[in-house]
Amino acid sequence: MRTVKKLAVASAVTMLSLGMTACGSNKSDENSSAPAGSNSGSASNSKGALKVALAFDVGGRGDHSFNDSAAAGVDKAKKEFNLTTSDVSANHGENDAARVSRLQQLAQSGNNAIVAVGFAYAPAIGKVAKQFPKVSFAMVDDASPDSKGANVDQITFTEHEGSYLAGAAAALKSKSGHIGFVGGVEVPLIKKFEAGYVAGAKKVNPNIKIDRTYLTQPPEFSGFADPAKGKTAAQGMFQNGADIVYHAAGKSGDGVFEATKAAGAGKWAIGVDSDQALTAPAAVRPIILTSMVKGVDVGVYNFLKAVHEGKFKGGNSVYSLKEGGVSLSTTGGHIKDIQGKLDELKKGIEDGSIKVPSA
């Protein structure tokens, strides 16, 4: 395992101009398709720049959250290193075979580096990386044996630690002593968010009431890209007495924000992955208390920087709270009054005196 030291998490400001990518589409900044490569690797394009492909999870560009953070990392590397980039998106309800086929096509198209966003790609990337040993792969959000490989950077985060602070912030700001959590899909990764959030809230207020729900169950992953379901779930929590709702639901979080705004004064939402007070639709930004920022952009950028410099090595890159891999955003100044308490809790996590559950 490689632990990333003293990471400075980049803000998501650069994502404001990102557009939408249609599910299943392949969009490139080149006018013509690249020549197919062999299964032994890929070659640089005619300009001499590295070719990079980004395989999104469901929702693609424009989710204002997880996928957009990955895209920001690619966009930054593209600008700095003169990369040629393209991206594709997963389809709702697709199986591992579809993901395998997508990654194989990207490798055969001459890409030197491929970034797969989301744990659902784990089995596919583990298989395809072995077939294309000269291609460098990044696997975001999985460090299991399924995706392990000599040419795979398994990029993971301590989401439970950042969510602990989000839960503490919710409990400290709640007037009703009643908060909520909306998860996109009930899988171990999102359970980490829930576990940390609940633990942080109960640290502040052992008697706090916490409503929890998941929008879909695996293998149905549309819960990460269904704002209507997110809105309905949050509406129910506000009607039940909650005054703050934290989402870990990708683009479905847009619906949580809509419900929060509609619920009126005194209601707040907590964003995830990106600083959503900067990336969500402008109309809902004022109701975002804070966001649990996850440095996906930094992890992806670091991977591409290593490939560009010829220093890439496979392994597990862990981005933790102590190294800045996860954090709470301060946009809007809404948690300024409780920052001192949050800093105390952060210090406790970093020095090990606070043990945050991950399940």
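Throughout, residue positions are numbered sequentially from 1 according to the sequence presented. Computed from a predicted structure; not experimentally measured. Excluded from the calculations below are hydrogen atoms, water molecules and symmetry mates; all remaining heavy atoms, backbone and side chain alike, are included.
A salt bridge between R61 and D87 is present, with a side-chain N of the basic residue lying under 4.0 Å from a carboxylate O of the acidic one. No salt bridge links D142 with K148; every basic N to acidic carboxylate O contact stays at or beyond 4.0 Å. Taking 4.0 Å as the cut-off between side-chain N and carboxylate O, K173 and D337 count as a salt-bridged pair. With respect to the salt-bridge test (charged N to carboxylate O, under 4.0 angstrom), the residues D351 and K347 qualify. Between K346 and D343 there is no salt bridge, since none of the side-chain N atoms of the basic residue sits less than 4.0 Å from a carboxylate O of the acidic one.
Taking every heavy atom of both residues into account, S86 and N111 meet most closely at OG-OD1, 4.5 Å. Minimum interatomic distance between A248 and I190 (heavy atoms only, all atoms of both residues): O-CG2, 3.8 Å. The nearest pair of heavy atoms linking A49 to T84 is CB-OG1, 4.2 Å. Pairing each heavy atom of A201 with each of I210, the nearest pair is CB-CD1, 4.0 Å. The two residues V307 and S136 have their closest heavy-atom pair at CG2-CB, 3.8 Å. The nearest pair of heavy atoms linking A233 to L215 is CB-CD2, 3.8 Å.
Without hydrogens or angle criteria, Y164 side chain to K355 main chain gives no donor-acceptor distance under 3.5 Å. At least one donor-acceptor pair closer than 3.5 Å links the side chain of D68 to the backbone N or O of G62. Distance alone, capped at 3.5 Å, places no donor-acceptor pair between the S291 side chain and the V293 backbone. In terms of modelled atom types and a separation under 3.5 Å, the side chain of N95 and the main chain of A98 share a donor-acceptor contact. Side chain of S101 to main chain of A97: no donor-acceptor pair is present (N/O by atom type, distance under 3.5 Å, no hydrogens or angles). In this structure, the side chain of S69 does not engage the main chain of S65 through any donor-acceptor pair within 3.5 Å. Between the side chain of E323 and the main chain of G325, no donor-acceptor pair closer than 3.5 Å is present. With hydrogens and angles ignored, the 3.5 Å screen pairs no side-chain donor or acceptor of T216 with any backbone N or O of V185. With hydrogens and angles ignored, the 3.5 Å screen pairs no side-chain donor or acceptor of D153 with any backbone N or O of F137. One N or O on the side chain of T290 and one on the backbone of S329 form a donor-acceptor pair closer than 3.5 Å.
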Check against side-chain contact (heavy atoms from CB on, under 4.5 Å), V245 and V182: CA-CA 7 Å; V245 175; V182 175; 3.8 Å; yes
Evaluation steps, salt bridge (charged side-chain N to carboxylate O under 4.0 Å, His left out), between D75 and K78: CA-CA 5 Å; D75 292 344; K78 175 183 177 180; 5.9 Å; no
I would like to know whether D141 and K294 meet side-chain contact (heavy atoms from CB on, under 4.5 Å); could you show each step before the answer? CA-CA 11 Å; D141 269 357; K294 182 170 158 180; 2.9 Å; yes
Run the numbers on K229 and S252 for side-chain contact (heavy atoms from CB on, under 4.5 Å), then give the verdict. CA-CA 7 Å; K229 284 184 178 178; S252 297; 5.7 Å; no
For T158 and Y319, run side-chain contact (heavy atoms from CB on, under 4.5 Å): C-alpha distance rounded to whole Å, both residues' side-chain angles, the deciding distance at 0.1 Å, then the answer. CA-CA 7 Å; T158 57; Y319 292 80; over 6 Å; no
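Contact of the V135 side chain with the N112 side chain is not registered, since no non-hydrogen atoms from C-beta on lie closer than 4.5 Å. Contact annotation: the side chain of F193 approaches that of M292 to within less than 4.5 Å [non-hydrogen atoms, C-beta and beyond]. For the pair W268/I288, no side-chain contact is recorded, criterion being any heavy-atom separation below 4.5 Å from C-beta on. E350 has its side chain out of reach of S320: every pair of non-hydrogen atoms, C-beta onward, lies at least 4.5 Å apart. Within the 4.5 Å cutoff, the side chain of L304 has no heavy atoms near those of the H308 side chain. With contacts defined as side-chain heavy-atom distances shorter than 4.5 Å, the pair H334/I287 does not qualify. You'll find the side chain of N91 stays beyond 4.5 Å of the side chain of V58, heavy atoms only. With a 4.5 Å cut-off on side-chain heavy atoms, I114 and F132 do not count as touching.
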Considering only distance and modelled atom types, tabulate donor-acceptor pairs under 3.5 Å from the side chains of residues 116-127, sequence neighbours left out.
from: Y121; atom 1: OH; to: F56; atom 2: O; distance (Å): 3.0
from: Y121; atom 1: OH; to: R102; atom 2: NH1; distance (Å): 3.1

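Residue pairs that meet the ring pair (Phe, Tyr, Trp, His ring centres under 6.0 Å) test with at least one member in residues 269-305, sequence neighbours left out, are F81-Y301, F303-F312. Annotation: salt bridge (Lys or Arg N to Asp or Glu O under 4.0 Å) contacts involving residues 179-200, sequence neighbours excluded, comprise E159-K192, E186-K191, K191-E194, E194-R212. For residues 236-247, the pairs satisfying side-chain hydrogen bond (donor to acceptor under 3.5 Å, both in side chains) are S163-Y246, S174-D243, S176-D243, D211-N240, H247-Q276, with sequence neighbours left out.
With hydrophobic clusters built from ILVMFWY side chains whose heavy atoms lie under 4.5 angstrom apart, I155 shares a cluster with V187. Linking ILVMFWY residues whenever their side-chain heavy atoms come closer than 4.5 Å, directly or via other members, places V356 and L342 in the same cluster. Both L165 and F157 belong to a single network of hydrophobic side chains, linked directly or stepwise wherever heavy atoms of I, L, V, M, F, W or Y lie under 4.5 Å apart. Cluster membership check: Y197 shares its hydrophobic cluster with V272, using side-chain heavy-atom separations under 4.5 Å among Ile, Leu, Val, Met, Phe, Trp and Tyr. A single hydrophobic cluster is seen to contain both F224 and V140, as judged by linkage of ILVMFWY side chains at heavy-atom distances under 4.5 Å, directly or through other members.
One distance of note links CG of L278 with CZ of R285; it measures 6.5 Å at 0.5 Å rounding. For the atom pair CG (D254) and NZ (K231), the distance works out to 11.5 Å, reported to the nearest 0.5 Å. Rounded to the nearest 0.5 angstrom, L345 CG and L172 CG are separated by 7.5 Å. To the nearest 0.5 Å, atoms CZ (F257) and CD1 (I270) are separated by 10.0 Å. Residue E161 holds its CD atom at 10.5 Å from CD1 of I354, rounded to the nearest 0.5 Å. For the atom pair CD (E220) and CG (D226), the distance works out to 9.0 Å, reported to the nearest 0.5 Å.
With sequence neighbours excluded, no residue forms a salt bridge (Lys or Arg N to Asp or Glu O under 4.0 Å) with K209. For the ring pair (Phe, Tyr, Trp, His ring centres under 6.0 Å) test, no residue two or more places apart in sequence or in another chain qualifies with H178.
Between the side chains of T331 and D275, at least one donor N or O lies within less than 3.5 Å of an accepting N or O.
The aromatic rings of Y214 and F181 stand perpendicular to each other, their planes meeting at an angle above 60°, with 30° marking the opposite boundary.
No more than 12 heavy atoms of other residues, nucleotides or ligands lie within 6.0 Å of NZ in K305, so this atom counts as exposed by the packing criterion.
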